[in-house]
Amino acid sequence: MLEHLRRVQDGARDVYSLSNLSSWIEKYLRLEGRKFDMSGRYSFQKRIVNDTSRVVNTIKCAQIGLTTATIAYFLAAMATQRKFNVVYALPSQTDASKIVTTKIDPIINESSRLRQLADKNVATVELKQIGNNFLFCRGAKSETAALSISADCLVADEIDRSDPNVLKQFRSRLQASELAIIKQFSTPTIDGVGISKEAEVSRRYRSFAKCYCCGHVWLPSYHTDMKVPGYTADISEITRTNIQTLNWKASHWVCPSCGKDPQLHPSRLEWVCENSEESWEASTYYINPVVCCEVLKPAYLVRTSTEFNTRSEWLNQVLGETSTEDNEQVTRQDVEASFCQSLDSSEVHYLGADIGLLCTVAIGRKTQAGELLVVHRESIPVTNFIARRQELMKQYRIAVSVHDAFPYTPMIMQICDYDPNAYGTMPAGGNSPELFTIQEKVADADEGKLNLRIIKANRTRMLDEVMLLLKARSLLTARISSSEDDKYLAHLLSMKRSQVFVKEQLQFVWQKTTGEDHSLFALSYLNLATLLRGTVEPWATGSLGLVKSFTLKQKNFRLDFAS
């Protein structure tokens, strides 16, 4: 009885809010036989854990203990707050299971306060109970993972590797909460995707350093402020071949003011908001080797710069910077190199259309050498699309047309009803290696079916094909005007190719960043149309005969087309 009263008295004095959870963590949590220490080498963790912004993003280099610190944060919140249900989302369920086994369970088992609060009857890999609060551990691999969950906090780990559509579903599970806290972090991949995109709408904090020698305050960068004694070339030119000739073990940071080693230390670092005049509710912290100067030493940074398969992977993982290889993305140089003067011809052409309120059309043809020549680009209001399409069909002698089947499916069905060489497209499910398959539908008045022909296209491969044509300088586009060409350029650069987990497998997918992407999809549909040129009905390539199986609408369309 006395022991129970003592615990009640201790609990009454032991009151913690979300702004000082680091104190509770350092007092009560243990891992690997030691108390948590959020000072010294890992002092940056305390700032992130105690930040009470509704949304906290962290762009980080790898292996700096942030996953463990974030787990400590939500376990502490579950133990101290009246209502704090948590969804912990990782790229795949395999990742989630591994984290529970190797990190969450050991922290609970080694920390007596958590053991007292944990319900042993609710302790699976996917669900745990601490006090009155529940922890849901899920893989962000399918939208069903977010079903039947209500939470106050979403923790999203490695969001650049997670399915962004599933993460949206997880965020929706916070709608009923007064807190609706989001903590998300990741090693970055490319600009405008994942954690980098989240940072764009936040207050962004970077760690400035003060030189021990001269007191100069600046934002250090590996690219300009790393010194290898005796080496005068660009630091990026150090390779696994020449590093052995250098004194790389003596590498050190250098102050741009006095030229000496600034002796970086956590006590001489300060968080500075780069956009303090903006009133975003979210905060973003950039955790790089400067912030982790007691963990990631200069010699380690130089050595590892020579050990990764690609430079961009090292920049992502070790420096915590966005970067990607040029051969994995559509670049400005690729698009600018594709512009040329008029490509007009009397030959047969093909049409690709991305359908929306403003439909984007691309018309072109393939050469015998496999070049895709885009002779015409145009935006058409959806209300005028059918009429304008008819005009373009005659003007450019369109053999095959491929259209986005959504969201105006009835309009595409109408087009397919009278044009036997028109197709709608929709994304193919599964992991089929095929670029596309064709699903024919024949009109049947008795069953109420229209003549909608569907191309089920592998979206990633469809966009990859356009990228490869641009990379090979095998896609040429006729110029229109400076404004239209700039818009076209922006459309082609708005989608980024990155790796995420799809059904437990790491795959390349195309993700939208900012702006519009209609021209890129119109090109992809145009390319599909050219690949169908061997399947068209004879009338489309100039033959005058009517095909016996044509419907009356199709025969009338063919006669109108030929006139």
Side-chain angles (χ1 to χ4, degrees), residues 40-45 47 58-66 160 185-191 195-196 199 204-272 274 284-326:
R41 301 176 71 195
Y42 297 100
S43 57
F44 65 88
Q45 295 177 350
R47 172 66 180 255
T58 308
I59 299 178
K60 69 181 191 68
C61 41
Q63 300 300 313
I64 44 85
L66 193 61
D160 279 46
F185 54 98
S186 184
T187 51
T189 51
I190 55 183
D191 283 330
I195 197 70
S196 172
R204 296 179 291 276
Y205 292 90
R206 299 182 188 270
S207 191
F208 279 64
K210 184 176 182 179
C211 177
Y212 177 79
C213 302
C214 70
H216 177 64
V217 177
W218 89 111
L219 183 63
S221 167
Y222 174 90
H223 309 288
T224 56
D225 302 320
M226 182 59 64
K227 178 69 174 177
V228 178
Y231 183 73
T232 57
D234 192 291
I235 195 79
S236 65
E237 296 178 10
I238 297 177
T239 66
R240 65 182 65 192
T241 301
N242 65 14
I243 191 173
Q244 299 307 321
T245 66
L246 307 176
N247 187 19
W248 61 272
K249 293 182 180 179
S251 300
H252 60 85
W253 293 96
V254 61
C255 172
S257 178
C258 68
K260 297 179 181 179
D261 185 343
Q263 300 182 39
L264 297 184
H265 188 271
S267 64
R268 291 188 291 277
L269 300 179
E270 180 182 2
W271 289 109
V272 177
E274 68 178 36
T284 296
Y285 294 92
Y286 292 82
I287 308 299
N288 56 27
V290 175
V291 180
C292 306
C293 57
E294 291 291 285
V295 180
L296 305 178
K297 299 295 186 179
Y300 170 81
L301 302 177
V302 175
R303 174 175 60 80
T304 56
S305 72
T306 70
E307 294 177 346
F308 282 74
N309 292 328
T310 65
R311 180 77 175 177
S312 63
E313 187 179 0
W314 175 76
L315 291 168
N316 298 158
Q317 297 290 325
V318 180
L319 296 193
E321 297 178 0
T322 57
S323 179
T324 187
E325 301 298 303
D326 283 348

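Note that the coordinates shown come from a computational prediction; the quantities given were computed from them, not determined experimentally.
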[Y] and [X], any side-chain heavy atoms less than 4.5 Å apart:
X: K210; Y: E270; result: no
X: Q63; Y: Q317; result: no
X: S236; Y: R311; result: yes
X: S257; Y: C211; result: no
X: I238; Y: V228; result: yes
X: C214; Y: H216; result: yes
X: S207; Y: Y286; result: no
X: L319; Y: N288; result: no

Is there a donor-acceptor contact under 3.5 Å from the side chain of [X] to the main chain of [Y]?
X: R41; Y: C292; value: no
X: D160; Y: T189; value: yes
X: N242; Y: T239; value: yes
X: T58; Y: K60; value: no

Nearest non-hydrogen partners of [X] and [Y], listed with the distance:
X: C293; Y: P266; value: SG-CD, 3.8 Å
X: N316; Y: T187; value: O-CB, 4.1 Å
X: C61; Y: V318; value: CB-O, 3.2 Å
X: S323; Y: L315; value: OG-CD1, 3.3 Å
X: I59; Y: I195; value: CG1-CG1, 3.5 Å
X: F208; Y: L219; value: CD2-N, 3.7 Å

If you measure from [atom1] on [X] to [atom2] on [Y], what distance do you get to the nearest 0.5 Å?
X: S305; Y: I243; atom1: OG; atom2: CD1; answer: 6.0 Å
X: I235; Y: S251; atom1: CD1; atom2: OG; answer: 6.5 Å
X: W253; Y: K227; atom1: CH2; atom2: NZ; answer: 14.5 Å
X: E321; Y: Y222; atom1: CD; atom2: OH; answer: 10.5 Å

Checklist entry - Just wondering, are more than 12 heavy atoms of other shown residues or ligands nearer than 6.0 Å to CD in E325? => result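 Atom CD in E325 is crowded, with more than 12 foreign heavy atoms closer than 6.0 Å.
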*Above 12 or not: heavy atoms from other molecules or residues under 6.0 Å from CZ of F308?*
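Enclosed.
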- Query: Can you tell me if W314 and N309 form a side-chain donor-acceptor pair at under 3.5 Å?
  - Reply: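 On atom types as modelled, these side chains do not qualify, holding no pair under 3.5 Å.
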| task | Would you kindly say whether H265 and S267 are connected by a side-chain donor-acceptor distance under 3.5 Å? | result |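 Yes, a side-chain donor-acceptor pair sits under 3.5 Å.
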**OP:** Please name the residue in the list L264, L301, I64, V295 that meets the side chain to side chain contact (heavy atoms under 4.5 Å, CB included) test with P289.
**Re:**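 Single side chain to side chain contact (heavy atoms under 4.5 Å, CB included) partner of P289 among L264, L301, I64, V295: L301.
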Q263 and R268: side chain to side chain contact (heavy atoms under 4.5 Å, CB included), yes or no, with the steps? CA-CA 9 Å; Q263 300 182 39; R268 291 188 291 277; 3.9 Å; yes
- Message: In terms of relative ring orientation, are F44 and Y42 parallel, tilted or perpendicular, with 30° and 60° separating the classes?
- Response: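 It falls in the tilted class, 30° to 60°.
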Whether Y285 and Y205 hold their rings parallel, tilted or perpendicular, with breakpoints at 30° and 60°: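 Plane angle under 30°, so parallel.
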query: Do R240 and E307 sit within salt-bridge range, that is, some charged N less than 4.0 Å from a carboxylate O?
result: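 No, R240 and E307 are not salt-bridged.
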For Y300 and W248, I'd like to know if the aromatic rings sit close, meaning centre-to-centre distance below 6.0 Å.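 That pair fails the under 6.0 Å test.
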